[in-house]
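Here the structure comes first, spelled out in structure tokens, and everything after it is commentary.
Residue numbering restarts at 1 for every chain, and letters A, B, ... go by the order of the sequence lines. Any value given below was found using the heavy atoms of this structure, including those in side chains, with hydrogens, waters and symmetry copies removed.
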Amino acid sequence: MPELPEVETTRRRLRPLVLGQTLRQVVHHDPARYRNTALVEGRRVLEVDRRGKFLLFALEGGVELVAHLGMTGGFRLEPTPHTRAALVLEDRTLYFHDPRRFGRLLGVRRGDYREIPLLLRLGPEPLSETFAFPGFFRGLKESARPLKALLLDQRLAAGVGNIYADEALFRARLSPFRPARSLTEEEARRLHRALREVLAEAVELGGSTLSDQSYRQPDGLPGGFQTRHAVYGREGLPCPACGRPVERRVVAGRGTHFCPTCQGEGP
DNA sequence: AACGTACCCTGCCGGC
DNA sequence: TGCCGGCAGGGTACGT
């Protein structure tokens, strides 16, 4: 599923292809999912940004196209059987592929995110300097929730989803069930570092393409980080550190993969 | 505040 | 072989 590394990879690939071009038209037949898109038509693309899992196309005239890829959304350079919308530019068209239709597009005036409350309450970008340890540690200390739930919440760090939460917890050797406030400063530092490392490595490798193939880079190439997964999607397979089987349990309503030996048992 | 549950949606999987 | 129920999970909404 598209999380920070997949959205960032998409941003990096799309940016040189769309910068300076006029977005002639946003074609779709689903005004409930793709809202207010007429606002951004006929304007040149000035920048492609990212906040958490949101992709932000800044256009001239002070408007912005906000895209969230949901679980299976992605921009492609060629149409697919699951193309749900198309961004028609001058020398190319971007196809919004989204089999399960959880993705959204929304035209807004620049920075006016009142219709996207999640975007307004996003925490710091984990790969930027704004992701400072003191604030992260304070956030952990304020919550009794399981670490997994807190990592998915987007307020402690923006853009972490199910894959990278599990991978970061494994790398930090912390149980997903641990109450956040029970972490020592040393443990919190491990988690802070693990998040940054896992996300940065995944961005370098173009994100994770799972066996369902739902995420692909815009040119159709798969990402490369899936082969580095230590626990995610590896239930029953040997932990790369100790060799004992990886377990899967539901935490915070999400499938959660961990090594009971290396990270500690559940509650 | 935070948890549980239902919902959105479709492809895929296992069971029969 | 083929049908079918259940599941996965980004997020939101609602009840407790």
**Message:** Closest approach to the side chain of R145(A), judged atom by atom: which nucleotide of dT12(C), dC8(B), dA2(B) is it?
**Reply:** dA2(B)
**Fill in**
Per side-chain contact (heavy atoms from CB on, under 4.5 Å), Y113(A) is matched among L120(A), L118(A), L122(A) by L120(A)
**Request:** Calculate the interatomic distance between F102(A) atom CZ and dC9(B) atom P; express it in whole Å.
**Result:** 8 Å
**Asked** Could you state the CZ-C1' distance from R104(A) to dA13(C), rounded to the nearest angstrom?
**Response** 13 Å
**Complete:** The nucleotide from dG11(C), dT10(B), dG10(C) with an atom nearest the side chain of M71(A) is dG10(C)
**Complete:** From OH of Y34(A) across to P of dC8(B) the rounded distance in Å is 16 Å
**Asked** Starting at CG of L150(A) and ending at C1' of dA1(B), how long is that distance when rounded to a whole Å?
**Response** 12 Å
**Prompt:** Looking across every strand, which nucleic acid part, if any, lies under 4.0 Å from L118(A) by heavy atom: base, sugar-phosphate, or nothing?
**Reply:** sugar-phosphate
**Asked** Does the distance from a Lys or Arg side-chain N to an Asp or Glu carboxylate O, for E235(A) and R249(A), drop under 4.0 Å?
**Response** no
**Asked** Counting side-chain heavy atoms from C-beta on, which of dT10(B), dA2(B), dG10(C) comes nearest to R84(A)?
**Response** dT10(B)
**Asked** Which of these passes ring pair (Phe, Tyr, Trp, His ring centres under 6.0 Å) with F258(A): Y232(A), F170(A), F177(A)?
**Response** F177(A)
**Fill in**
Side-chain contact check for H82(A): nearest option of dT12(C), dG11(B), dG10(C) is dG11(B)
**Prompt:** CG of L152(A) versus P of dG4(B): gap in Å, rounded?
**Reply:** 14 Å
**Residue P146(A), side-chain atoms from C-beta onward, closest of dC3(B), dG11(B), dA2(B)** = dC3(B)
**Request:** Identify whether any heavy atom of Y232(A) sits under 4.0 Å from a base atom; if not, whether one sits that close to sugar-phosphate; answer base, sugar-phosphate or nothing.
**Result:** sugar-phosphate
**Message:** Judged by each residue's nearest nucleotide on DNA chain B, which is more toward the 5′ side, E142(A) or G253(A)?
**Reply:** E142(A)
**Prompt:** Of R248(A) and H68(A), whose closest DNA chain C nucleotide lies nearer the 5' terminus?
**Reply:** R248(A)
**Item:** Base paired to dC3(B) (Watson-Crick or G-U; both N/O distances under 3.5 angstrom)
**Value:** dG15(C)
**Request:** From the options dC8(B), dT10(B), dG11(C), select the nucleotide whose nearest atom is closest to the side chain of R33(A).
**Result:** dC8(B)
**Request:** Before accepting this row, confirm whether a basic side-chain N of the pair R110(A)/D49(A) lies closer than 4.0 Å to the acidic partner's carboxylate O.
**Result:** yes
**Request:** Quickly work out the R155(A) CZ to dA2(B) P distance and round it to whole Å.
**Result:** 8 Å
**Prompt:** To the nearest angstrom, how far is Q154(A) atom CD from dT12(C) atom C1'?
**Reply:** 14 Å
**Message:** Measuring from the side chain of R121(A) (C-beta onward, heavy atoms only), which nucleotide among dG10(C), dT12(C), dT10(B) has the closest atom?
**Reply:** dT12(C)
**Asked** If you look at every heavy atom in P126(A) and L4(A), which pair is closest and at what distance?
**Response** CG-CD1, 3.7 Å
**Message:** Under 4.0 Å, heavy atoms only, any strand: does G255(A) hit a base, just the sugar-phosphate, or nothing?
**Reply:** sugar-phosphate
**Pair R181(A) + E142(A): basic N to acidic O under 4.0 Å** = no
**Prompt:** For R101(A), which contact category applies under a 4.0 Å heavy-atom criterion: base, sugar-phosphate, or nothing?
**Reply:** sugar-phosphate
**Message:** What is the separation between atom CZ on R254(A) and atom C1' on dG10(C), rounded to the nearest whole Å?
**Reply:** 7 Å
